[in-house]
2 protein chains.
Amino acid sequence: MKTVITVAIVEDKEPIRQSLAILVDGAEGYSCQATFENAEAALDYLPTHAVDVVLMDIDLPGMNGIDCVRHLKALCPYTQFMMCTMYDEDETVFDALKAGANAYILKRSPPHKLLEAITELHEGGAPMSSTIARKIASSFYTSQAVSPELEALSSREREILDRLAKGHSHKEVANELFISPTTVRKHIFNIYGKLQVHSRVEAINKYLGRK
Amino acid sequence: MKTVITVAIVEDKEPIRQSLAILVDGAEGYSCQATFENAEAALDYLPTHAVDVVLMDIDLPGMNGIDCVRHLKALCPYTQFMMCTMYDEDETVFDALKAGANAYILKRSPPHKLLEAITELHEGGAPMSSTIARKIASSFYTSQAVSPELEALSSREREILDRLAKGHSHKEVANELFISPTTVRKHIFNIYGKLQVHSRVEAINKYLGRK
DNA sequence: TTGAAAATCATACAAATGGCGTATTGTCGG
DNA sequence: CCGACAATACGCCATTTGTATGATTTTCAA
């Protein structure tokens, strides 16, 4: 049996929307079921007319493509979402993935690549433009240089900082470790010195590596 | 000028190592500079004889491929590492990426795909077997259940909480938002009520989804 | 064993924070 | 128009926290 991959397109610019639709419909094995010029229309239609793959522009008038995916993902669990955008900015990429996007390609990709990507996506892959893929892979890399500052902490200091990070007060930590609250405060003071910060939240951010 | 991509191979099984080397050396534009049958030998040689791309098996006798990458990455910043393995287990994949691997492909990939991957890697991409790519993309997806409590926050409250999370004091936030410190404190008080917490760090933990 | 670093504790002070009550203004949906 | 709610703002109080000075004991490597 021949499997046809059903596709929907969300893109506000008329010419781009048209050419994408023609590209998809013209290729064997693909069928463009619907096109929308904004997120709201897609949210209205797709939950009751599920398709295999949605090509989603990010920069839309009104609700943006990322929020649109976030909503649709919950309503159409079997639909795959491919973000299609002009830009490859860091935050946008990660926000899209967090929202549930399964693929992220740049509009400047050649048409045949687009069709390949749709197939790959439908077969369980996660096609990404190469620069995007590199960004994502790199995001996991934490140069094992845990920042020399953290290395300077003694094990006791680390234990205390860890409990502070859980939201405990110095009194609570004192009780947990069976030491005086003053001692805990002294440790905290020393920790601040080593990490070169002046508040609890700053220390915790350094400890947990959030910048 | 023609650019030749220099490659090194770390793989303990003799026949596989040989066939990979022949594959790489036989193709135009690729040159296999060295092969190693264990991580230690690679760690010994590569820091002083950098190559463009290293194909790294994970399951090695002695030190495993992931730890090997971790060490080499610090010493050979311009070298790209491609993990080459039989398995696609979750933890292994993420550990490899955290260690600094730039690509992750399964050995069952066809030879021509391997060469393509080397090129893509060298050109700044991050080739992944499709199942791997999907795993990675999915790892970002946090079912939008942001905990109903966070939903209760107004946008102003969210903005303030976000700045607190960066380590700013209420006075600093007040200056940033051009409102009175008292107002900021009132907001913080309301935030605590909605999140059902009693301290700044607890609120931030809920906000950032750390449990 | 000797010296440095770490861990412990005390006291003190000022600033920041947590926990209220109250009030004004503006917006929005019924 | 009314009630609900968000945002703004002030004041008051008790506690926590950041900073500082000083001291004793443990630990561990040189």
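Residue numbering restarts at 1 for every chain, and letters A, B, ... go by the order of the sequence lines.
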Interatomic distance where CG belongs to N190(A) and P belongs to dG18(D) [whole Å]: 13 Å

Short side-chain N/O contact to dA10(C) OP1/OP2 from S180(A), under 4.0 Å: yes

Nucleotide dA7(C), atom P - distance to CD1 of I160(A) in whole Å: 8 Å

Terminal helix-axis angle for the helix from dT1(C)-dA30(D) to dG30(C)-dC1(D), with five pairs defining each axis and rounding to 10 degrees: 60°

Any side-chain heavy-atom pair of T79(A) and L72(A) under 4.5 Å: no

Min side-chain heavy-atom separation T131(A)-L106(A) under 4.5 Å: yes

Rounded distance (Å) that lies between atom C1' of dA16(C) and atom CD1 of I188(B): 10 Å

I188(B) vs I160(B), side chain to side chain contact (heavy atoms under 4.5 Å, CB included): CA-CA, chis, key distance, verdict: CA-CA 8 Å; I188(B) 295 173; I160(B) 287 171; 4.2 Å; yes

Provide a list of protein-nucleic acid N or O atom pairs under 3.5 angstrom, restricted to nucleotides 2-7 of chain D.
unit_1 : atom_1 : unit_2  : atom_2 : d
dA7(D) : OP1    : S154(B) : OG     : 3.3
dA7(D) : OP1    : R156(B) : N      : 3.2
dA7(D) : OP2    : S154(B) : OG     : 2.2

Spacing of F178(A) atom CZ relative to dT8(C) atom P, expressed in whole Å: 13 Å

Derivation of the side chain to side chain contact (heavy atoms under 4.5 Å, CB included) call for Q80(A) and R134(B): CA-CA 11 Å; Q80(A) 314 286 343; R134(B) 176 58 69 99; 3.1 Å; yes

Working for side chain to side chain contact (heavy atoms under 4.5 Å, CB included), residues D52(B) and T6(B): CA-CA 5 Å; D52(B) 294 323; T6(B) 55; 3.2 Å; yes

d(CG, L195(A); P, dG18(D)) in whole Å: 12 Å

With sequence neighbours excluded, residues passing side chain to side chain donor-acceptor pair (under 3.5 Å) with R185(A): none

Between S180(A) and T182(A): side-chain donor-acceptor atoms closer than 3.5 Å: yes

Check the interface with nucleotides 14-17 of chain D: list each N/O to N/O pair with the protein under 3.5 Å, or write none.
unit_1  : atom_1 : unit_2  : atom_2 : d
dT16(D) : OP2    : K171(A) : NZ     : 2.7
dT17(D) : OP1    : R200(A) : NH1    : 2.8
dT17(D) : OP2    : H170(A) : N      : 3.2
dT17(D) : OP2    : H170(A) : NE2    : 2.8
dT17(D) : O5'    : R200(A) : NH2    : 3.4

Smallest separation among heavy atoms of K107(A) and C84(A), with atom names: CE-O, 3.6 Å

Student check: side-chain heavy atoms of V24(A) and S31(A) closer than 4.5 Å: no

Check against side chain to side chain contact (heavy atoms under 4.5 Å, CB included), R163(B) and E172(B): CA-CA 9 Å; R163(B) 288 162 196 268; E172(B) 289 170 332; over 6 Å; no

Flag side-chain contact, heavy atom, 4.5 Å: L195(B) against E202(B): no

Check: N205(A) side chain, A165(B) main-chain N or O, donor-acceptor pair, under 3.5 Å: yes

Side chains of H168(A) and E176(A), donor plus acceptor under 3.5 Å: yes

Plane angle bin for Y45(B) and F36(B) - parallel if under 30°, tilted between 30 and 60°, otherwise perpendicular: tilted

Would you list the protein and nucleotides 21-30 of chain D atom pairs, both N or O, that sit under 3.5 Å from each other?
none

Side chain proximity check, R200(B) to I191(B), heavy atoms < 4.5 angstrom: no

4.5 Å side-chain heavy-atom contact, L177(B) and H187(B): no

Nucleotides 24-30 of chain C: protein proximity per nucleotide (B base, S sugar-phosphate only, - neither; heavy atom, under 4.0 Å): -------

